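Keep in mind that what you see is a predicted model, and the values were worked out from it rather than measured.
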Amino acid sequence: MFEAGDIREWRGHDVVDDSARKIGKLESIYVDTATDAPSFATVTVGMPARHRLVFVPLGGATVGPGYLKVAYAKHQVKDAPSIDIDGVLPAGDEEAVFAHYELEYRPGADGERRLARR
């Protein structure tokens with residue numbers, strides 16, 4: 001997996017799907033609050049006047065010259081839960097992000113958030 005500091009350096013680079021089709025641009029990284037390891041990325045998608053950020057897991061992702069390749073199809077990523085460009089993921093919406101990719105969601109022992117933006 002990527003080091004949090006290293007992956008942040010890829011901000012603005014292309015994000016491509018498992019078939020090398022461009023999805024959008026890497027905007028930010030969300031880490032797992034239990035491990036501080038990179039867990040999800042947000043990708044800028046949409047028309048210029050209607051950009052939004054969609055979430056995609058970083059498990060199985062690889063880097064290449066100028067791109068981040070994720071292990072999911074473009075259509076699945078574009079249909080993922082999203083936030084506005086300047087938005088924040090509400091704690092109550094975290095479970096939907098995980099469910100979209102059929103990933104197990106477990107909040108912290110005292111109900112703490114699972115994802116934090118870095």
Side-chain angles (χ1 to χ4, degrees):
M1 186 46 70
F2 311 101
E3 293 296 324
D6 295 336
I7 193 69
R8 279 194 306 261
E9 295 173 11
W10 286 86
R11 186 172 183 224
H13 283 72
D14 289 342
V15 176
V16 299
D17 74 358
D18 56 352
S19 297
R21 292 181 303 239
K22 183 178 175 182
I23 299 169
K25 299 278 186 185
L26 179 65
E27 173 59 29
S28 60
I29 300 300
Y30 282 73
V31 297
D32 185 318
T33 57
T35 63
D36 207 36
S39 180
F40 278 81
T42 54
V43 181
T44 304
V45 298
M47 304 300 278
R50 302 184 79 178
H51 281 141
R52 60 191 173 94
L53 298 174
V54 293
F55 288 82
V56 62
L58 290 173
T62 57
V63 294
Y67 68 86
L68 173 69
K69 184 176 185 179
V70 295
Y72 296 89
K74 180 178 182 174
H75 67 85
Q76 184 177 15
V77 176
K78 287 201 166 199
D79 289 342
S82 65
I83 57 174
D84 291 333
I85 291 293
D86 295 326
V88 175
L89 179 66
D93 292 353
E94 285 187 351
E95 188 170 1
V97 172
F98 283 78
H100 180 76
Y101 294 101
E102 299 179 3
L103 299 172
E104 181 182 3
Y105 177 76
R106 255 189 272 169
D110 293 322
E112 297 94 356
R113 295 186 72 122
R114 175 86 182 267
L115 298 174
R117 186 176 173 181
R118 293 281 190 255

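If you take NZ on K74 and CG on D79, they are separated by 12.0 Å, rounding to the nearest 0.5 Å. Note that OG of S28 is 6.5 Å distant from CD1 of I83, once rounded to the nearest 0.5 Å. Distance CZ/R118 to CG/D36: 4.5 Å, rounded to 0.5 Å. Note that NE2 of H75 and CD1 of I23 are 10.0 Å apart. Values are rounded to the nearest 0.5 Å. The CG atom of D84 sits 10.5 Å away from atom CZ of R52, with the distance rounded to the nearest 0.5 Å.
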| field | Steps toward side-chain contact (heavy atoms from CB on, under 4.5 Å) verdict (V97, Y105) | value | CA-CA 9 Å; V97 172; Y105 177 76; over 6 Å; no

| task | Before giving the answer on side-chain contact (heavy atoms from CB on, under 4.5 Å), spell out for L58 and L68 the whole-Å C-alpha distance, their side-chain angles and the decisive distance to 0.1 Å. | result | CA-CA 9 Å; L58 290 173; L68 173 69; 3.9 Å; yes

| said: Before you tell me yes or no, could you show the steps for E95 and R114 under side-chain contact (heavy atoms from CB on, under 4.5 Å), namely the whole-Å CA-CA distance, both residues' side-chain angles and the distance that decides it to 0.1 Å? | reply: CA-CA 9 Å; E95 188 170 1; R114 175 86 182 267; over 6 Å; no

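Scanning both residues, A41 and L26, for their nearest heavy atoms gives CB-CD1, 3.5 Å. Closest approach of A71 to G59, counting heavy atoms only: CB-O, 3.9 Å. The two atoms that bring A91 and R113 nearest to each other are N-NH1, 3.4 Å, heavy atoms only. Nearest heavy-atom pair, D17 versus Y72, reported as atom, atom and distance to 0.1 Å: CB-O, 3.0 Å. For the pair L103 and P57, the tightest heavy-atom approach, listed with the atom from each and the gap, is CD1-CG, 3.7 Å.
Ion pairing between a basic and an acidic side chain is recognised when a charged N comes within 4.0 Å of a carboxylate O; D14 and K25 show such pairing.
The backbone N or O of Q76 sits less than 3.5 Å from a side-chain atom of H100, completing a donor-acceptor pair. One N or O on the side chain of R11 and one on the backbone of E27 form a donor-acceptor pair closer than 3.5 Å. A distance-only check finds no donor-acceptor pair linking the side chain of T44 to the backbone of G24 [under 3.5 Å]. Side chain of Y67 to backbone of K22: no donor-acceptor contact under 3.5 angstrom is found.
Under a hydrophobic clustering in which Ile, Leu, Val, Met, Phe, Trp and Tyr are joined whenever their side-chain heavy atoms come within less than 4.5 Å, directly or via other members, Y101 and Y30 fall into the same cluster. Transitive grouping of hydrophobic side chains (ILVMFWY, heavy atoms separated by less than 4.5 Å) brings W10 and I29 into a common cluster.
Taking Ile, Leu, Val, Met, Phe, Trp and Tyr as hydrophobic and joining them when side-chain heavy atoms fall under 4.5 Å apart, one finds V88 isolated, its cluster having no other members.
Residues P81 and D93 have side chains not in contact (no heavy-atom distance under 4.5 Å, counting atoms from C-beta outward).
With F40 as the partner, the side-chain contact (heavy atoms from CB on, under 4.5 Å) test is satisfied by one option alone out of L115, V56, L89: L115.
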